[in-house]
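These notes are about the structure you will find just below.
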There are 2 protein chains.
Amino acid sequence: MAALSMRRVAKEVGTTPMALYHHVRDKDDLLMLTLSGTAATVPRPELPSDPRERLLAVTLHMHGTLARMPWVVEVLSLGDLTDKGALWMVEEIVGAGIACGLTEAEAVRAYRTLWHCVYGDLVFRRAMERRAEDPDRKRYFPGMLTDADAAELPHLVALADQWSELTEDYDVSGQLSAVIDGLLGRAGREGGAGRERAG
Amino acid sequence: MAALSMRRVAKEVGTTPMALYHHVRDKDDLLMLTLSGTAATVPRPELPSDPRERLLAVTLHMHGTLARMPWVVEVLSLGDLTDKGALWMVEEIVGAGIACGLTEAEAVRAYRTLWHCVYGDLVFRRAMERRAEDPDRKRYFPGMLTDADAAELPHLVALADQWSELTEDYDVSGQLSAVIDGLLGRAGREGGAGRERAG
DNA sequence: ACCTGAACACCGTTCAAGT
DNA sequence: ACCTGAACACCGTTCAAGT
C-alpha cells in the first residue's frame with residue numbers, strides 16, 4: 001500500500017521518521033523488512049505427493065495467499081525474497097521441477113516463469129479491481145475500437161463486446177496447469193504420468 | 001519513470017500543473033495518455049506465417065520493444081491499452097492462437113498468460129538492474145541461507161551459490177516457447193506441426 | 001471553456017546537533 | 001550508537017478566482 005511511508009510507519013511505531021534511517025538504508029529497505037514474518041501467519045497446506053500436481057498446488061497456494069495480501073505483491077516487485085518463512089514455496093517448486101525431470105537450471109527458470117504468471121495475474125487483477133471501484137474512470141480498450149478497425153484488427157473488433165467478460169473469466173489454475181505442461185515438456189510426459197491437456 | 005509527475009509535465013509543456021486537470025482526470029489518466037503514439041515509433045517486424053512461430057515472434061517482439069522503454073511498462077501496469085498503434089500485437093497473438101486451434105476464449109486467456117510472462121520478466125529484470133546499479137544494497141536471498149537450512153531447504157541451499165547466475169541466465173525466448181507449447185496443448189500438437197519440446 | 005495562484009496535506013532524504 | 005528538529009526539494013489535488 002501507499003500507507004507504508006517512512007513518516008507514517010514512524011508515527012505508528014512512535015518515533016520520528018529520521019530514527020528509522022538508523023535501521024534501514026532507505027524506504028525500499030524498510031518495505032522489504034516489513035515482509036519478515038508475514039508468511040508465518042499462513043498455515044502450510046498439505047500437498048499432493050505426485051510432483052506435477054505438487055508443482056501446481058504450491059504455485060496456486062502462492063497465488064491464493066498473495067491475492068489476500070496485495071501490499072506484499074507491491075513489495076515483492078522490488079525483486080528480493082526477504083521473508084525466510086516463504087522460501088519453502090520456492091524450495092517446493094524447484095524440487096518438484098527436478099522431480100519431474102528438469103535439470104537444476106531448468107527448474108530455477110521454471111520457477112521464475114511460474115512466478116511471472118502468478119505475479120502478472122495479481123498485478124492486473126488488482127488493476128481491474130481498482131478500475132471497477134471507480135466507475136467514472138475512462139476506459140480505453142476495447143472501447144476505442146470502431147467498425148472501421150475491423151480490417152486491421154478483426155479479432156479484437158469481433159471480441160470487443162465480450163472482452164471484459166473474457167478477461168474476468170481468466171482461469172489461473174487452468175492457465176498455470178497449461179504453463180506447467182509446457183515447462184515440463186517431454187520430461188513431464190515420459191515421466192510416467194503421460195498426462196495430456198485439453199485446451 | 002518517476003520523471004512523469006504532474007508538475008514536471010506541466011513545466012515541460014509550459015503551463016501550470018492545474019491546467020492539466022482540464023484535460024485529464026488525474027495522474028493515472030495523464031500517464032495513460034502519454035502512451036499515445038509510442039508504438040508508432042517502433043517499426044513493425046516481418047512475422048513468420050506459421051501460426052505457432054508467429055505467436056512466439058510477436059510475443060518476443062513485444063518483450064524486446066518494451067525492454068527498451070521501461071517507463072511504458074510502468075504505465076501499462078495500470079491495466080489498460082491506450083495506444084491504438086500497439087493493438088496489432090494483441091490482434092496477432094489472439095489471431096495466431098485461434099489459428100493454432102484455440103477457441104476465442106482460450107486465445108484471449110493465452111494472450112493474458114503470455115502478457116503476464118512478458119510483464120513479469122520485464123519487471124524483475126528491471127529490479128535486478130536497479131539493484132546491480134547500487135552495489136551497497138542489502139541482498140536478502142539467497143544470502144540469508146546457511147548450512148543449517150539444508151534440512152528444510154535442500155535445493156535452495158545447494159543452489160545458493162549459483163542462484164544469481166541462474167537467474168541472469170533466464171532465457172525469455174525458450175521459456176515463452178515452452179509456455180506456448182503448454183497453452184496450445186493438444187491443439188498445437190495435432191495441428192500438423194507436431195512439435196515437441198526438449199527441456 | 002480554459003487557465004491561474006495560493007493553499008492543503010502530504011512525500012523521501014539530508015544534515016548539523018544533541019545524548 | 002541512537003535519536004532529534006529543522007530544512008530541502010519535491011508530490012497530487014482542491015478551490016476560489018480570474019478571462
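Throughout, a chain's letter reflects where its sequence line sits, starting with A, and its residues are numbered from 1.
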Would you say H23(A) reaches dC3(D)'s phosphate, i.e. side-chain N/O to OP1/OP2 under 4.0 Å?
yes
As its Watson-Crick or G-U partner within any shown strand, both distances under 3.5 Å, dC11(D) has none
With a distance cut-off below 6.0 Å to the six-membered ring centre and an angular limit of 45° from the axis, does R109(B) pair with Y170(A) as a cation-pi contact?
no
Whole-Å distance, K11(B) NZ to dC10(D) C1', equals 10 Å
Check: T113(B) main-chain N/O paired with Q175(A) side-chain donor or acceptor under 3.5 Å
no
L4(B) CG to dC10(D) C1', in whole Å, measures 15 Å
Round to a whole Å and report the spacing from NZ of K27(A) to C1' of dT14(C).
17 Å
Measure from NE2 on H22(B) to C1' on dC2(C) and round the result to the nearest Å.
6 Å
R52(A) and S177(A): side chain donor to acceptor below 3.5 Å:
yes
With both distances kept under 3.5 Å, what pairs with dA16(D), Watson-Crick or G-U wobble?
dT4(C)
Proximal nucleotide (of dC3(C), dT4(D), dT13(C)) relative to the T16(A) side chain
dT4(D)
For the side chain of M18(A), counting heavy atoms from C-beta on, which of dT4(D), dT4(C), dG12(C) is nearest?
dT4(D)
Please state whether the phosphate of dT14(C), meaning OP1 or OP2, lies under 4.0 angstrom from any side-chain nitrogen or oxygen of Y21(A).
no
Testing dC11(C), dG12(D), dC15(C) for proximity to the side chain of R7(A), the answer is dC11(C)
Verify the distance criterion only: is there a donor paired with an acceptor across the side chains of T82(A) and R139(B) at less than 3.5 Å?
no
Using the C1' atom as the reference point in each nucleotide, state the distance between dA7(D) and dC11(C) in Å, no decimals.
14 Å
L20(A) has an atom CG; how far is it from atom C1' of dT13(C), in whole Å?
12 Å
DNA chain C: M6(A) or G14(B), which has the more 5' nearest nucleotide?
G14(B)
Does a side-chain N or O from R8(A) land closer than 4.0 Å to OP1 or OP2 of dC11(C), or not?
yes
Will you find, in the side chains of D29(B) and Y21(B), an N or O donor that is under 3.5 Å from an N or O acceptor?
no
